[in-house]
Each structure stands twice: as C-alpha cells, then as structure tokens.
Amino acid sequence: MNEKYDYTAIEKKWQKYWDEHNTFRAGTDYSKPKFYALVEFPYPSGQGLHIGHPRPYTAMDIVSRKRRLEGYNVLFPMGWDAFGLPTENYAIKNKIHPAIVTEKNIAHFKEQLKMLGLSFDWEREVNTTDPDYYKWTQWIFLQMFKKGLAYKKEMAVNWCTSCKVVLANEEVVGGCCERCGGEVVRKVKSQWMLKITEYAQRLLDDLSEVNYLDKIKSTQVNWIGRSTGAEVDFTSTAGDILTVYTTRPDTLFGATYMVIAPEHPYIEKWADKLENLDEIKEYQEKAARKSDFDRTEMNKEKSGVMLKGVRGINPVNGKEIPIFISDYVLMSYGTGAIMAVPAHDERDHDFAELFNLPIIEVVKGKGDIDVQKEAFTDCATGVLVNSDFLNGLSVEDAKVKIKEWLEENGKGKSKVNFKLRDWVFSRQRYWGEPIPIVHCDKCGYVAVPESELPLTLPDVESYMPTDNGESPLATLDSFINTTCPHCGGPAKRETDTMPQWAGSSWYFLRYCDPKNENELASKEALDYWMPVDWYNGGMEHTTLHLLYSRFWHKFLNDIDVTTTKEPYMKRTSHGMILGEDGQKMSKSRGNVINPDDVVRDYGADTLRLYEMFIGDFEKTAPWSPSSIKGCKRFLDRVWSLQDNIIDGSEYRSQLAASFHKTIKKVSEDIESLKFNTAIAAMMSLLNEITAEGSVNRAEFRTLLILLNPFAPHMTEEMFESNFGEILNEQEWVKYDESLCVENTVEIVVQVNGKIKSRMTVSVDGNKDEILEAAMKDEKVSEAISGKSVIKQIYVPNKLVNFVAK
RNA sequence: GCCGCAGUGGUGGAAUAGGCAGACACAAGGGACUUAAAAUCCCUCGGUAGCAAUAUCGUGCCGGUUCAAGUCCGGCCUGCGGCACCA
C-alpha cells in the first residue's frame with residue numbers, strides 16, 4: 001500500500017515546511033515556562049561539517065523537540081565562532097579577504113546543518129565577526145577596562161624564530177612551531193591582560209550552585225588550583241626582605257637554602273653586591289632562551305647558580321642560608337621565591353643533591369624513611385622534630401602554630417594562592433576584534449568612546465603578521481594615527497586584536513536578543529531566558545572556554561547587565577566520533593566520513609538515529625559503516641507498519657505494559673543523555689508489535705511521537721498521512737506508573753546462590769506461598785535433599801534463594 | 001608525578017539502593033523466497049564437555065565482605081583524557 005520510504009523527498013519537504021512555518025522559532029510570550037538549550041557554536045572551517053558535529057547537535061535537538069511537545073517555550077539557537085587562525089592562514093595563502101572566506105564557509109555549514117533537520121531558531125543566528133556583534137564584544141572589554149580589569153603588562157609570548165611570528169599556545173606543538181617546525185622561544189612583549197584572578201575564588205565557590213558533570217567540575221577546580229599556605233619574610237644579608245610563599249610553613253626549621261626565579265627583580269637590586277654577576281647573567285639568559293616546553297619537559301634535571309655575596313636569614317632561627325637562582329622556581333606563581341626544604345620536598349631534594357646542600361629532617365614519619373636519600377612528603381602521618389617549639393606536633397597543628405608565630409612576630413602571614421593566571425588577551429593577528437584602546441603620550445591608555453563602536457577592522461594589503469611580531473594592523477598608518485578622545489592630541493590605536501575566546505565568552509547572551517542595537521541584549525530578554533538550562537559541548541572546552549565565559553558572565557552580573565551569578569545551570573559533554581579504525585578522523589589517515597555522503601545514502605533521520613545509538617553519549621565511539629544499516633533497517637520497519645494499521649483507541653492489553661514502560665524509559669533516558677538505551681527500548685517495542693502482526697492507531701500514534709525527536713522528518717510524514725495532523729503540534733506522550741508492570745513476573749529460584757529453577761508468580765505475591773511452592777520444585781528439592789535449609793532469602797518480584805548445608 | 005574516566009562475547013554496547021551477565025544492534029553461519037542477486041523473513045550465535053536434557057567456567061589481575069559481587073572494600077595491571085617543577 002505505501003510506497004518505499006523516499007527519505008530524500010520527505011526530508012526536503014519537512015525542512016521546507018518548518019522553515020516556512022517558523023516551527024522552531026522561540027516565542028516572546030514570557031509568561032510561558034522557558035527552556036534554553038545551548039550547543040557550542042562551530043568554527044566554520046573550510047572543510048565543512050565534520051561527522052562529529054551532529055552528535056551533540058542532535059542530542060540537544062532531541063531534548064529541545066521533546067521540551068516543545070511538553071509545552072515549553074524553547075530557545076535552541078545556533079551561530080558562528082568565525083574569527084580565527086585557519087581562516088586567516090587561508091586568506092594569507094590565497095590572498096582572499098578573510099571576511100569573504102568566512103561568509104562562504106558559513107553558507108556551506110548552514111546548508112549542511114539544515115540538511116540534518118536540526119530545530120534551530122535561525123532567526124537568532126549570531127556571527128562573532130559581524131561588526132554588529134563584535135561591537136558588544138568591544139563594549140564589554142571597555143567596561144572591564146573602566147573597572148581596571150583590563151591592563152597592559154610585559155609578558156613572555158611564544159615566538160617562532162623561523163616565521164618570526166608570535167604564536168598562540170595552541171600553535172606550539174612539542175616546543176616547535178606547528179606550521180614550519182621551527183624553534184619556538186619566549187619573547188617579552190607588552191600584552192593586554194584580563195584580571196580573571198580577581199574572580200578566582202568566586203569561580204571556585206559558585207561551582208556548588210551548578211549542575212555540571214563531576215569530571216567537568218574537577219577540571220575547573222584543578223585549573224583554578226587553589227592552595228593555602230603562608231608568606232614568610234626572610235631577611236637578606238643585603239638588608240632587605242625577601243618574601244617566599246610556602247604551603248608547608250611547618251617545615252620552616254628545615255629550610256637549608258632559598259631559590260628565586262631567574263627573572264626575580266632582586267638580582268638587579270643586588271647587582272653591585274653579587275660577586276658572580278656574570279655567571280648569574282649567563283644563567284638568566286639561558287633560562288630566557290629556553291621555551292616553556294624545555295622548562296617543563298626537562299623536569300628532572302635541575303640547574304641553578306648560587307648567589308655569592310648575598311645570603312638569606314631564616315626568621316625562625318636566625319640561620320644564614322645560601323640563595324640560588326633556578327628555573328624550577330617560576331616568577332609567575334607566589335612571590336617568585338621559595339624556601340627550600342629538601343627533606344620534605346622532592347624538587348628541593350633533587351636540587352640539594354645536585355649542589356650538596358644540607359638536608360635537615362623536621363618531620364618524622366612512622367616508617368624508616370631516610371630523608372638523606374628521599375624526601376618525606378606525607379602530611380597525614382608525620383610528627384615535627386628538630387623544630388624547637390613545634391616539636392611533637394602533627395603537621396596540621398604545626399601549620400597553625402607557626403602561622404600564629406609568624407603573625408605575632410611580624411615575619412609573615414597566612415596566604416591563599418591560585419594557579420590560575422590572568423588571561424593574556426592580545427593577539428598579534430588580523431582576523432580578530434580590534435581592541436578599542438588608543439595610546440596617548442600625555443594621557444596613557446584611553447578607551448575609544450562607546451559612541452564610536454564598533455571599531456571595525458580596516459582592510460589591509462597583507463594579512464601576514466609583520467617581521468617584528470606586530471599585528472598586520474600596525475602597518476596601516478591611517479588606522480593607527482588618531483586623536484586622543486581625552487585631550488584631543490595625537491594618539492595611536494592599539495593594533496593587537498582579541499583572541500578567539502572573546503566572542504564565545506558571551507554569545508549565549510546575544511541569542512536572547514540578537515538584533516538589539518542599543519544593548520547587548522535587553523534586560524527583559526535576559527531575565528527571561530538566562531541562565532542557560534542545559535549546555536552541552538566538548539570536553540576540550542571544559543577548562544578555558546567554560547572558565548572564560550563564566551568570568552565574563554560574573555563581571556556582567558557585577559555591572560548589572562545580567563541577573564544570575566552563573567551562565568549555565570547544567571553542563572554535559574559528548575565523546576568524539578572516531579574513524580572506523582578507532583583512530584581520530586584525519587585526511588592523512590584516510591578514515592574521514594563525510595556527513596553529506598551519509599545523508600545521501602541513508603538520509604538524515606538514519607544519520608541522527610545512528611549517532612545517538614552508536615554508544616554511550618559521553619564516550620568516544622568508532623564509526624561503523626555496517627552498524628548504521630541496522631538503524632536504517634529499524635526506520636524501514638517502522639515505515640512499513642503503515643501497511644497494517646488496525647482500529648483501536650487504546651493500547652491492546654497484551655502490549656499496554658510495554659507501551660507504558662517504553663514511554664517511561666524513553667522520557668527518562670532523553671533527560672539523562674542515554675539515547676542509546678532509549679533507542680534500544682523503542683526497537684524492543686517494535687519487535688513486540690511486529691510479533692503481534694499489526695499495530696493499532698493508538699499504539700502507532702504513541703510510537704511516532706516517541707520517535708519524533710530522533711527521526712523528525714519520517715515521523716512527521718507518517719503522522720500527517722495517517723492522522724492528518726502536524727506532529728509538532730501534538731503533546732508529548734504520558735505514561736502511568738501503575739500500568740508499567742505486568743500482572744505476573746518470572747522469578748528465579750536459587751540454592752546456595754546457583755539458579756536451579758524459575759517460576760512465574762503474581763506480582764507482589766504472598767511470600768510464604770511462593771517460598772513453599774519454590775521448595776516443592778523438583779530441581780530445588782533435588783538440590784537440597786539430604787541437607788538442611790538454614791536460611792531463606794526472598795526478594796519480591798526478583799528471586800528466592802535457599803541456603804542449604 | 002597528580003587529577004579524572006574506563007577495562008564485559010568476533011564488534012558497538014546493555015545491566016547501579018548488590019539479586020537471571022551479555023538487553024538492543026552489528027558481523028558471522030544456516031534456511032526460506034528468487035532464474036539469480038539485492039532487499040526481506042525465519043533459526044543459531046561467550047568458552048568447555050555432551051546427540052541432548054544438562055553440567056561447568058566466565059565481566060583486566062590477586063585477595064576480602066556477603067546467602068548472592070560486573071556492581072561494595074583493599075592491593076595491583078593496562079588503556080584513554082586533562083594538568084604538570086604551582087613551592
């Protein structure tokens with residue numbers, strides 16, 4: 001009766017229908033309950049959509065479609081994170097303006113996304129490279145600048161010695177330039193910084209208010225890296241105070257030397273007292289030449305130089321100890337100086353061995369650890385020794401007592417430190433948001449007036465960064481030279497641009513009100529839509545992007561733009577899709593699957609279903625060209641149910657419990673990202689229906705609604721032709737908990753934990769009767785004959801177990 | 001080194017208040033239909049022994065708790081992801 005399932009025609013038909021009817025447009029009726037579903041907006045690369053993209057998009061599409069049927073006003077938007085290096089590099093190579101490349105790539109991406117039947121509200125599309133968008137990115141930067149959160153600082157950057165170009169950290173692979181393989185060294189440049197460290201404690205604390213996966217929370221906690229300890233003031237023989245940071249102030253009596261970072265300013269200060277300044281200078285230069293890679297990779301091999309002429313004095317016992325410079329101490333953490341306790345720190349121990357420095361045990365462990373050979377670092381079990389008034393105390397108690405002593409004697413104080421560092425916000429690149437600042441010799445750094453935003457990217461001849469590492473904008477005199485907004489005198493524009501992270505740090509706010517010309521979004525829209533109810537994205541973005549956007553959102557909350565502390569209520573992550581060979585897909589491996597081909601050969605519904613069925617949503621999964629056939633087969637079998645529909649306004653009794661159970665399972669599994677088992681449940685249901693030989697109208701209707709979020713085109717088509725209505729205007733199906741159970745249940749009868757028999761009993765049947773019946777079972781009585789039953793275990797509706805001896 | 005996650009058939013994976021291991025698929029083998037192929041439908045499908053009923057072993061390894069362990073506890077091994085001289 002029905003034609004073969006022509007997915008190409010059906011999918012086109014419904015995509016057109018949804019477009020024309022604005023089916024998925026988010027409503028402006030703010031009295032309805034809202035649901036804001038967010039997926040990470042893609043970078044529109046020249047390669048087009050990757051087969052991995054549909055996985056998270058389909059997942060949130062399923063949630064969104066279900067929520068619409070449940071009556072929510074759903075916001076499910078999409079946009080483009082379009083600034084970035086690949087486009088710029090392509091532009092350099094092919095001498096095409098990056099804006100043109102971007103436009104072309106976006107058109108291609110959009111076409112591919114539409115082909116998948118994703119229910120995005122395309123009216124709210126945003127594009128980070130659109131001046132109407134980045135106007136507000138610049139505006140946010142200016143607000144931060146006004147609050148003192150954006151500042152300029154001399155910073156070491158990655159410098160490729162062969163391309164003569166500044167590289168982003170991501171472009172440095174194994175200490176070499178990703179593009180040319182040349183050596184990368186550190187070079188000091190003046191950079192714009194954002195003071196994310198000022199928000200470190202709040203970024204940590206407020207994690208308790210959001211529902212992120214534990215692993216996501218823990219990477220955030222790790223990255224922020226809070227530690228508690230003390231700052232201790234050592235005096236130097238030069239007469240000044242050298243402050244160190246330590247998390248083990250209890251070991252102060254064991255400090256036998258000090259180490260300062262090679263960049264420590266005291267070297268200069270002490271220059272005329274240092275007898276081996278040449279040797280020290282040489283070491284400093286060597287350290288500066290080392291890339292970050294070398295400095296961290298050679299982590300076993302310590303090196304350093306002792307300062308001759310200046311020594312430190314331990315405040316607790318007045319002992320004079322030597323001071324070294326070494327690159328294992330970082331200028332960017334703590335105070336750039338440490339007290340070294342080789343007996344109780346592995347790094348200090350290595351260093352002490354190298355330089356033959358004394359090792360004094362001040363914490364005694366339970367075992368026979370010889371601190372001359374190995375550092376003893378366990379805080380839980382140690383007891384203080386050789387430490388005067390701390391002797392006999394536990395590590396924890398000693399920490400408290402020494403901190404009190406330091407404060408009473410003015411020699412130090414408790415201190416909390418974070419690993420998190422301020423955000424290097426400048427890039428010496430063309431394809432990014434211009435930083436809206438001018439420099440005036442008289443007034444310093446001055447904000448571009450808000451009325452002049454957006455400060456648009458000017459056209460340049462070449463997008464190549466310049467030889468001295470400046471942005472291509474630095475070659476444009478007409479752009480650079482301007483007047484100071486403050487005094488009217490001559491001034492120069494900032495030529496660095498913002499990093500790609502900028503545009504993505506607030507895009508979820510713009511979706512709430514994307515066409516607003518007067519504000520980044522209206523207060524009313526933000527109040528209604530924010531926070532994002534559910535944000536899904538890749539694990540690779542769970543540190544930086546998540547942290548940066550939480551930081552911006554908190555700042556915007558502080559200046560009353562938004563009303564919530566946190567931007568995202570819930571954050572989940574999906575796994576990557578690998579090639580058939582289990583390797584990451586790449587052109588060089590030849591294992592790339594193109595979504596266009598899959599849609600052509602199987603249809604979008606099958607692709608969607610397969611990507612949800614492929615495995616645990618949160619784990620990586622290899623693509624399997626044969627498994628996808630099983631999903632197509634399932635859809636074909638659902639399609640052919642149309643050949644045999646019988647009347648009926650209720651589920652038939654033999655199927656009723658299965659229907660209620662499946663509705664429950666699918667409804668719950670969608671909410672907990674277990675799409676694979678939701679699909680398996682529908683497959684099982686179909687197997688039961690098929691065994692009956694027919695489906696009735698009530699059953700068929702329920703099946704179509706359940707399947708709709710997964711395979712929206714096909715189910716719409718079948719709904720229209722069989723029920724004459726639009727599926728998207730229906731309600732999500734309901735289940736009755738009490739009808740999920742059958743009248744009878746099969747239970748297992750065990751003897752000593754081994755299954756001997758099975759029996760069918762009525763649900764919640766009488767315990768004694770069941771035990772008695774089980775005991776009489778032939779197999780059971782055989783197994784217990786000659787033994788005495790010492791225990792009977794009865795688990796209702798599950799099993800009976802006799803323990804016999 | 002630290003943090004997190006995982007290890008189950010030929011394959012992807014099911015199974016969590018501890019209670020039938022292998023749901024649902026894929027692949028493979030056999031059969032039906034067909035001139036044939038594709039498609040579709042039916043059967044088998046963890047190992048070992050057996051014609052079979054059945055027995056027995058089996059969730060990375062070793063031990064423990066329990067009537068009962070993939071699941072809980074202790075100790076390892078392996079793989080993946082992230083961070084990494086952060087004092």
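Below, chain A is the first sequence line, B the second, and so on; all start at residue 1.
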Could you list all N or O pairs between the protein and nucleotides 26-30 of chain B that sit under 3.5 Å apart?
unit_1, atom_1, unit_2, atom_2, d
B:rC26, OP1, A:R633, NH1, 2.6
B:rC26, O2', A:S626, OG, 2.8

N/O-N/O pairs, protein side and nucleotides 62-69 of chain B side, under 3.5 Å:
unit_1, atom_1, unit_2, atom_2, d
B:rC67, O2, A:N801, ND2, 2.5

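Contacts of A:T219 with the nucleic acid, taken as non-hydrogen atoms under 4.0 Å apart, are absent. A:R637 comes within contact range of the sugar-phosphate backbone alone, with a heavy-atom separation under 4.0 Å but no base atom that close. Residue A:T543 is out of contact with every strand shown, counting any heavy-atom pair closer than 4.0 Å. A:F613 comes within 4.0 angstrom of a nucleotide base, judged by non-hydrogen atoms across all strands. Here A:D348 lies out of heavy-atom contact (under 4.0 Å) with every strand. No contact: A:T542 has no heavy atom under 4.0 Å from any strand. Within the 4.0 angstrom heavy-atom criterion, base atoms lie near A:L799.
Rounded to whole Å, atom P of B:rG81 lies 15 Å from atom NE2 of A:H574. One atom, CD1 of A:I224, and another, P of B:rC83, lie 15 Å apart when rounded to the nearest Å. Rounding to whole angstrom units, CD of residue A:E668 and P of B:rU16 are separated by 12 Å. Rounded to a whole Å, the CD1 atom of A:I216 is 20 Å from the P atom of B:rC3. Rounded to an integer number of Å, the gap from A:N644 CG to B:rU40 P is 19 Å. Atom-to-atom, CG of A:D669 to C1' of B:rC24 comes out at 12 Å; the value is rounded to the nearest Å. Straight-line distance from the CG atom of A:D378 to the C1' atom of B:rC2: 15 Å, rounded to whole Å. The CG atom of A:D327 sits 11 Å away from the P atom of B:rC85 (whole-angstrom rounding).
Looking at residues two or more places apart in sequence or on another chain, you find no salt bridge (charged side-chain N to carboxylate O under 4.0 Å, His left out) involving A:K791. A:E40 meets the side chain to side chain donor-acceptor pair (under 3.5 Å) test with A:H541, A:R571; sequence neighbours excluded. In this view, A:K619 and A:D616 satisfy the salt bridge (charged side-chain N to carboxylate O under 4.0 Å, His left out) rule, not counting sequence neighbours. For A:Y602, there are no ring-ring contact (aromatic ring centres under 6.0 Å, His included) partners at least two apart in sequence or on another chain. The salt bridge (charged side-chain N to carboxylate O under 4.0 Å, His left out) search around A:E688 returns none, not counting sequence neighbours. Remark: A:H660 engages no residue in a side chain to side chain donor-acceptor pair (under 3.5 Å) (not counting sequence neighbours). Residues passing the side chain to side chain donor-acceptor pair (under 3.5 Å) test with A:S667 are A:W732, sequence neighbours excluded. Annotation: salt bridge (charged side-chain N to carboxylate O under 4.0 Å, His left out) contacts of A:R421 (sequence neighbours excluded): none.
Using a 4.5 Å heavy-atom cutoff, the side chains of A:V745 and A:T760 are not in contact. Using a 4.5 Å heavy-atom cutoff, the side chains of A:L799 and A:V749 are not in contact. Residues A:D233 and A:L242 fail the side-chain proximity criterion, which asks for heavy atoms closer than 4.5 Å. Residues A:T228 and A:N417 are not in side-chain contact: their nearest non-hydrogen atoms beyond the backbone lie 4.5 Å or more apart. Side-chain contact between A:F617 and A:K674: absent, with no pair of heavy atoms (C-beta onward) separated by less than 4.5 Å.
Using a 4.0 Å cut-off, some side-chain N or O of A:Y333 falls inside it from OP1 or OP2 of B:rA87. Phosphate proximity of B:rA15 to A:K674: present, with a side-chain N or O under 4.0 Å from OP1 or OP2. Remark: A:K419 is not in phosphate contact with B:rC85, judged by side-chain N or O atoms under 4.0 Å from OP1 or OP2.
Spacing between B:rG9 and B:rG58 at atom C1', rounded to whole Å, works out to 10 Å. Separation of the P atoms belonging to B:rA27 and B:rG79 is 32 Å when rounded to the nearest angstrom. Taking the C1' atom of each, B:rC26 and B:rA14 are spaced 14 Å apart, rounded to whole Å. For the P atoms, the distance linking B:rG19 with B:rA68 amounts to 14 Å, nearest Å. If you take atom P in B:rG1 and the same atom in B:rG70, they sit 31 Å apart, rounded to whole Å. B:rU71 and B:rU59: their P atoms are spaced 9 Å apart (whole Å). For the P atoms, the distance from B:rC57 to B:rG63 is 16 Å, rounded to whole Å. Taking the C1' atom of each, B:rA55 and B:rG50 are spaced 9 Å apart, rounded to whole Å.
Here B:rG9 is in the syn range [glycosidic angle within 90° of 0].
For A:I241 against A:Y266, the heavy-atom pair with the smallest separation is O-OH, 2.5 Å. The two residues A:I51 and A:I593 make their nearest non-hydrogen contact at CB-O, 3.5 Å.
Remark: the A:R55 side chain and the A:N536 side chain contain no N/O donor-acceptor pair separated by less than 3.5 Å.
With B:rG19, B:rC24, B:rA87 as the candidates, the nucleotide lying closest to the side chain of A:V795 is B:rG19. Side-chain atoms of A:E746 lie closest to B:rC20 of the nucleotides B:rG12, B:rG19, B:rC20. In the set B:rG13, B:rA15, B:rG12, B:rG13 carries the atom at the smallest distance from any side-chain atom of A:N676. Among the nucleotides B:rA6, B:rA87, B:rA15, the one closest to any side-chain atom of A:T677 is B:rA15. Comparing B:rC20, B:rC85, B:rC57 by their nearest atom to the side chain of A:I755 picks out B:rC20.
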- Task: Determine, step by step, whether A:F613 and A:F675 satisfy the ring-ring contact (aromatic ring centres under 6.0 Å, His included) criterion, reporting the C-alpha distance in whole Å, the side-chain angles of both residues, the deciding distance to 0.1 Å, and the verdict.
- Result: CA-CA 6 Å; A:F613 189 60; A:F675 305 106; over 10 Å; no
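When the nearest nucleotides of RNA chain B are assigned to A:W223 and A:L420 by heavy-atom distance, the more 5′-ward of the two goes with A:W223.
Residues from residues 680-690 of chain A lying near RNA chain B, meaning a heavy-atom separation below 4.0 Å, are A:A680, A:M683, A:S684, A:N687 in numerical order.
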- Message: Just to be sure I follow the notation: if a pair is Watson-Crick (purine N1 to pyrimidine N3 plus N6-O4 or O6-N4) or a G-U wobble (N1-O2 and O6-N3), each under 3.5 Å, what dot-bracket string does RNA chain B give, with | for pairs to another strand?
- Response: (((((((..(((......[....))).(((((.......))))).((((....))))..(((((..]....))))))))))))....
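A donor-acceptor contact under 3.5 angstrom links the side-chain atoms of A:K302 to the base of B:rC85.
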